[in-house]
Structure formats: C-alpha cells, structure tokens
There are 2 protein chains.
Amino acid sequence: MVRDGYSGLTYEAVAKAAGTARAVLYRRWPQRHLLLEAALRRFWAPIEVPDTGSLRADAITLLERINDERADLIAVLGAKLADYYRDTGATLTELRDKIGMAGREAPFDAVLARALDRGELRHPPAAPRIASLPLDLLRHEMMMRSGRTTVDVIVEIVDLIWLPLLNASPHPTSGSASGIAIARQRG
Amino acid sequence: MVRDGYSGLTYEAVAKAAGTARAVLYRRWPQRHLLLEAALRRFWAPIEVPDTGSLRADAITLLERINDERADLIAVLGAKLADYYRDTGATLTELRDKIGMAGREAPFDAVLARALDRGELRHPPAAPRIASLPLDLLRHEMMMRSGRTTVDVIVEIVDLIWLPLLNASPHPTSGSASGIAIARQRG
DNA sequence: GTTTTTAGATACACCTGTGTCTCTTAAGGA
DNA sequence: TCCTTAAGAGACACAGGTGTATCTAAAAAC
C-alpha cells in the first residue's frame, strides 16, 4: 500500500491501494499519524542479521540487505513523512523508534557482539553512535539519493570508515595515537 | 520566501511570500525545479569557514555554523523537495551540487588542508567520503530531527568519529593496526 | 436465529494548488 | 516622449485530497 502510492501517503491513496474505502480508514485511524504508523508497521519487516563469521562480511551483507529492503520506504519516509511529523513537533527519529519495534536490538549490536566474542574486535565501540554509524551513513545515502545506493558505497562505508574507526579509539577519554584532545569541553 | 512557507514550496506559497503574483513566477520559472533552485540559491548563503588554529575547533565551529544556518532549509529539503526530485528522477545530491555553487570547494577541504599544513594531520583522508563525513552525519541528524541538532551531537561527531578516523588509517590499501582486510573485493 | 457490529461504497461540500489567460499599470530604453 | 517590456492582479476550469454522513450488505456475537 505504501509501495506504489509513493507520492500518496494519503487516506485516498492508502484506501485505493488497500482496496478499501476511505471511510473505513477514518474510522480506525482518525489521525493521520496513526494511519501511517500502522501502514509502516505492516511493511517494516524485520531484517535478518547475517552471521558469516567475519565482521566485515557481516556488516556489508547487513547493509546490503537494508539497502535492498528499505530503500523504497526510506525514500518515502524522508520525503513525505518528514513534513507531517515536523508539523506535529515529532521527528523521524521518534517515528523510527515507534515502528522500529521498541526494545528490539539494533541490528549492528548483534554483529558487534559476535565480533567481540570471536576476538576480532578488542574493545566495544566507545559510543552508541559508533555502532549505528554504518546504518546512519547508509540512511543518509538513501535519503540523498531517494532510493537504493550502490555496493561501492556500502563497501566504502565499511572499509574506509567503520572498520578503521572500530579499531582506532579504544576509549573516548584516552588520547589516540596522535594525541588529539578528546574531551567534552563544550556542552 | 522559503523560510515561512515551510509546508509551502508551491507556486502559490512562494508568490504570496514574495509578495508577487503566481503568473509572474510562471513566466520566469516555467518549471517547478527552476523555481525551487532559484529560491534556494537566493537563501543558500555561503558559510564562512572558521580558522581557529586547531582542526578540532575548526570542525566543531563549522558544524555549529552549518547547524545554525542550514537546519531550517535542510528540514524543508528533506521533506518537500525529495519527492518532487524523486519523481523527476533527480536526487537531492544533484540538487545540492546544483545550488551548492559548483566548483566551490567543499567546506571541510579547507579545514583539512590547514590541518595538514600545520602538521596536525600526517596524511590526507583516504577518500572524499571521509572528508565529507562530519557534514554527512550532521545532515543526517538534521534530516532525522527535522531541524537543528545539539552541540553534544556535533562534539560527538568530531571527537568520537572524525578525529579518531583521520588519525587511524593512512591508506585504504594498507592494513590498519589490527590487520583487517581492506580491499574492494566487491563492486 | 436474531441482534449488534463493522466493512464497503457512495455522495457531499469544501479547500488548496494548478496552469493558463487577460487586463491594467508601472518602468525603462531609444 | 513614445514604445516596449514586464509586473501585478484577478478570473477560470480543473484536479485531487479532506472529513463527514448515510446506506446496504456481510460478519460476528449472543
């Protein structure tokens, strides 16, 4: 229903795509955001986290799956929902949390945990933002391109950014090799 | 004109905000994307790149300026333009390049160049994606939050991600400290 | 089996933006 | 000054979505 509506996250389009009448939608989801959340929950199937035995392959495979399965919806989210949620005062982050099945583990956490178990990583990431970095970058890419990105980009994110970073800074408070000051001096 | 239209990147709203008639807009910008590009060029003032003497402060200051000056417009871009440009087959990246005053240097390039001159960095970033990483992450954050982000986030992007990464991997082809395989096996 | 609930289908008035056309008025150039 | 060009204002039919109301037919509950 979301899939082909595309520029149609409207009661009208949803009703047509769902093969039902607008009145039915209004009865069940009187407010727009309820309708959209329900529609998204319907299509936001969980993505299987790969377990290949290597952090790099896990990461690349996972990003590829997300790229394949979420690109269309992300394009719609970025475009159509953002302004509605902005008017409501809510954000896409909140929407993501809402339909993202609160409590479910972030996909890259599992990948990282296994890498630590195998000894492939010596230390866990210094902050949640690092764990979610590849997904954030992929999402950014999908939003900017309004759809799928290429495998090249995914490989670059993993090989040039994520893996080097994971192996770089053990702790946010201890300086890295070059002695840059890492501290929260600003609030 | 873009500023208060907000949910109004329409001929109608632009005309009203500009205090003119719709017909005038149609005459000068017969196609919507021409109108939007012109409107954006009007408000997309260049951002002054700071020169504080330190890479870290430069980066944080620059991100803060972008955060302050672009947040509103980014929110609109992400929301309203994405779907129009998607329908056209174009992307936000292309739009950014178009209004981003082609040929103008990416803001973080100047910051990096100075850091290299000072000897603060030993090697240039291994790829353009690394140079643009903080801006990409900030943009992602602004899109997801439909507006400004906080200083904390900016500091995290710089201290936890960008600086450690810049000091980590000299070359995409030589392994880093932990010997992860960095190669483009897929493509 | 009867009653209650719900789905599905119209129909309605309404609003907002679209793209085009016309007319008048104000400026600018020669 | 005259003449050309564009600005500004308004009208137009039209398309699409909105939110509500009403009706019938099909399920579900009892």
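Residue numbers begin at 1 in each chain, while the letters A, B, ... track the order of the sequences.
- Ion pairing of B/Arg129 with A/Glu141 is present here, as a side-chain N (NZ or NE/NH1/NH2) and a carboxylate O approach within less than 4.0 Å.
- Contacts classified as ring pair (Phe, Tyr, Trp, His ring centres under 6.0 Å) and involving residues 124-167 of chain A (residues at least two apart or in different chains) are given here: A/Phe108-A/Trp162.
- The distance between atom CG of B/Leu25 and atom C1' of C/dG17, rounded to the nearest whole Å, is 13 Å.
- By the side chain to side chain contact (heavy atoms under 4.5 Å, CB included) test, A/Arg22 is found to be paired with A/Tyr11, A/Glu12, A/Ala15, A/Tyr26, residues two or more places apart in sequence or in another chain being considered.
- Straight-line distance from the CG atom of A/Leu35 to the P atom of D/dG17: 14 Å, rounded to whole Å.
- To the nearest 0.5 Å, the span separating CH2 on A/Trp29 from CG on A/Leu34 amounts to 9.5 Å.
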Could you list, one pair per line, each protein nitrogen or oxygen that sits under 3.5 Å from a nitrogen or oxygen of nucleotides 18-22 of chain C, together with the distance?
from	atom 1	to	atom 2	distance (Å)
C/dT18	OP1	B/Arg32	NH2	2.2
C/dT18	OP2	B/Tyr11	N	3.4
C/dT18	OP2	B/Glu12	N	3.2
C/dG19	OP2	B/Tyr26	OH	3.2
C/dG19	N7	B/Arg22	NH2	2.8
C/dG19	O6	B/Arg22	NH2	2.6

note = For DNA chain C, the expected dot-bracket line (Watson-Crick or G-U under 3.5 Å, [ ] crossing, | inter-strand) is ||||||||||||||||||||||||||||||
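- Distances shown here put a side-chain N or O of A/Thr20 below 4.0 Å from the OP1 or OP2 atom of C/dG8.
- By the salt bridge (charged side-chain N to carboxylate O under 4.0 Å, His left out) test, B/Arg118 is found to be paired with B/Glu120, residues two or more places apart in sequence or in another chain being considered.
- One N or O on the side chain of B/Asp58 and one on the backbone of B/Thr52 form a donor-acceptor pair closer than 3.5 Å.
- Between the C1' atom of D/dG17 and the NZ atom of A/Lys16 lies a distance of 11 Å, rounded to the nearest Å.
- B/Asp109 meets the salt bridge (charged side-chain N to carboxylate O under 4.0 Å, His left out) test with no other residue; sequence neighbours excluded.
- Inter-residue side-chain proximity for B/Arg70 and B/Trp44 is flagged as met; some heavy-atom pair is nearer than 4.5 Å.
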